[in-house]
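Atoms within a ligand are numbered from 1 in the order they appear, just like the ligands themselves.
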Amino acid sequence: MLDIVQIPVLNDNYVYLVHDPDSGETAVIDPAVAGPVLTEAERRGWRITQILNTHWHPDHVGGNQEIKDATGCHITGPRGEQEKITGIDRAVVEGEEVSIGKHLGCVIDVPGHTAGHNAYYFADEGVLFCGDTLFAMGCGKLFEGTPADMFDSLRKFAALPPATQVYCAHEYTEANGRFALTAEPGNDALARRQSEVVAQREKGIPTVPSTIEAELKTNPFLRARSAKELGERRAAKDAFAG
Ligand code: ZN
Ligand code: FE
C-alpha cells in the first residue's frame, strides 16, 4: 500500500506525498512550493527520494529545486516540456513507467492544458495523479491545446477502472460544480454531488480525491460526447462568472 498525504498550498493547490513503507521511498507530486512539503515529510520521518511533475506550470514545479537541493531527490517530468522543468533528471512519455518502491506507475500523455502534460497512473493501487487535466467536475483550461486534444486525453481517463482514485492538483470543485449545473441542469447525480461539496467546503473539508466513477456521472467535460461539445463547454466555463 502507498500512503498518500495531501498538502494544501498557495490558494488552492494540492501537493501529494506518496510514501511506500516497504522501500522507504517517498515521491512528491507537483510541488508548487518546497517549505510545507519538506516540513510534512520531516514530521513523518519520510525521506523524499523523487519528484514527479505533470506539467511545467510554476504552481507545479516551483518547489523542485529547493526540494532537490535539500534531499538530493530525482526529478521526472514530461518529455515535451523538459526544457521548462527545473532540475529534471528524466523526461518520460506514454509507454514508459515510473516506480515508487515496487509500485509501478504508467505515464499517460494528456495534452490540452499544456502541450506536454502527462499523468501518472498506479494500477496496483488504483490511483491517478492527473495534474491540471481532469478536476472534480471540471477540466483544465486549454492554454496549449485544442478541444480535440483535451477530449482525447479525457477519453483515456474515462477508460480507467471506475474505482480509480483521482488526485488532481487543485481544489476547484465547488466552482466547477456551479458551472457543471448550468451545463447539465437535469443531472440529478450532479445536483446531489454539488450539495455535498458545498457542505464539505463550508467545513473546510477537501473534496479531492474523487473517483473516475463519480466523474463519469457528474463531470460535464468527461461526459462531453464530442470534442465540439467539450470545446463549447470549456468556452462557456471560461466566460462563466457564477
Ligand atoms: Zn497548470
Ligand atoms: Fe495548476
Side-chain angles (χ1 to χ4, degrees), residues 4-18 27-37 40 51-67 75-88 91-94 107-121 127-154 156-157 165-177 179-180 201 206-210 215 219 221-222 230-231 233-235 237-238 240:
I4 302 176
V5 173
Q6 183 177 48
I7 308 171
V9 301
L10 305 178
N11 284 333
D12 48 40
N13 279 77
Y14 288 129
V15 179
Y16 299 102
L17 281 178
V18 185
V28 186
I29 315 294
D30 280 354
V33 293
V37 177
E40 184 63 28
I51 290 170
L52 301 175
N53 294 127
T54 63
H55 66 295
W56 68 269
H57 283 163
D59 64 315
H60 297 256
V61 305
N64 274 19
Q65 195 61 52
E66 195 179 333
I67 293 171
I75 301 181
T76 300
R79 187 168 302 167
E81 304 183 353
Q82 63 186 113
E83 67 294 333
K84 293 182 183 168
I85 295 180
T86 309
I88 193 168
V92 290
V93 290
E94 187 162 304
V107 176
I108 307 175
D109 289 339
V110 285
H113 177 67
T114 63
H117 200 304
N118 69 11
Y120 301 98
Y121 171 58
V127 298
L128 172 70
F129 297 98
C130 56
D132 288 357
T133 299
L134 178 65
F135 293 120
M137 294 191 277
C139 77
K141 286 191 177 175
L142 299 178
F143 289 121
E144 300 176 3
T146 64
D149 291 332
M150 182 59 88
F151 184 76
D152 291 346
S153 295
L154 294 182
K156 295 179 182 179
F157 291 155
Q165 301 271 312
V166 178
Y167 288 86
C168 60
H170 291 272
E171 178 63 61
Y172 287 160
T173 316
E174 189 174 357
N176 285 343
F179 170 76
R201 294 310 296 152
T207 64
V208 176
S210 171
E215 297 314 313
N219 186 314
F221 300 97
L222 200 58
L230 185 148
R233 288 181 172 177
R234 186 60 260 179
K237 173 70 164 67
D238 290 345
F240 183 68

Check your understanding: When you measure from the side chain of T76 to the backbone N and O of L52, does any donor-acceptor pair fall under 3.5 Å?
Key -> no
Point to revise | Residue H170, metal the Fe ion (ligand 2), N/O/S under 2.8 Å | key: yes
Practice item. Would you confirm whether the ring centroid of F129 sits within less than 6.0 angstrom of the ring centroid of Y120? Key: no
Review point. So does D152 pair up with K156, basic N to acidic O under 4.0 Å?
Key: no
Review point. Do you know which N/O/S atom name in D59 is closest to the Fe ion (ligand 2)?
Key: OD2
**Study point:** Residue H55, metal the Fe ion (ligand 2), N/O/S under 2.8 Å
**Key:** no
**Study point:** Under 2.8 Å: N/O/S of D59 next to the Zn ion (ligand 1)
**Key:** no
Exercise for review: Kindly report the ND1-the Zn ion (ligand 1)-OD2 angle for H57 and D132 respectively, rounded to 10°.
Suggested key: 170°
Check your understanding: Between the Zn ion (ligand 1) and H55, is there an N, O or S atom separated by less than 2.8 Å?
Key -> yes
Point to revise | Donor-acceptor pair, side chain of D30 and main chain of T54, under 3.5 angstrom | key: yes
Exercise for review: Would you mind naming the N, O or S atom of H113 nearest to the Zn ion (ligand 1)?
Suggested key: NE2
Point to revise | N, O or S atom of D132 closer to the Fe ion (ligand 2) than 2.8 Å | key: yes
Point to revise | Parallel, tilted or perpendicular: ring planes of Y14 versus Y16, cut at 30 and 60 degrees | key: tilted
Check your understanding: Has the side chain of N13 got a donor or acceptor atom that lies under 3.5 Å from a matching backbone atom of H60?
Key -> no
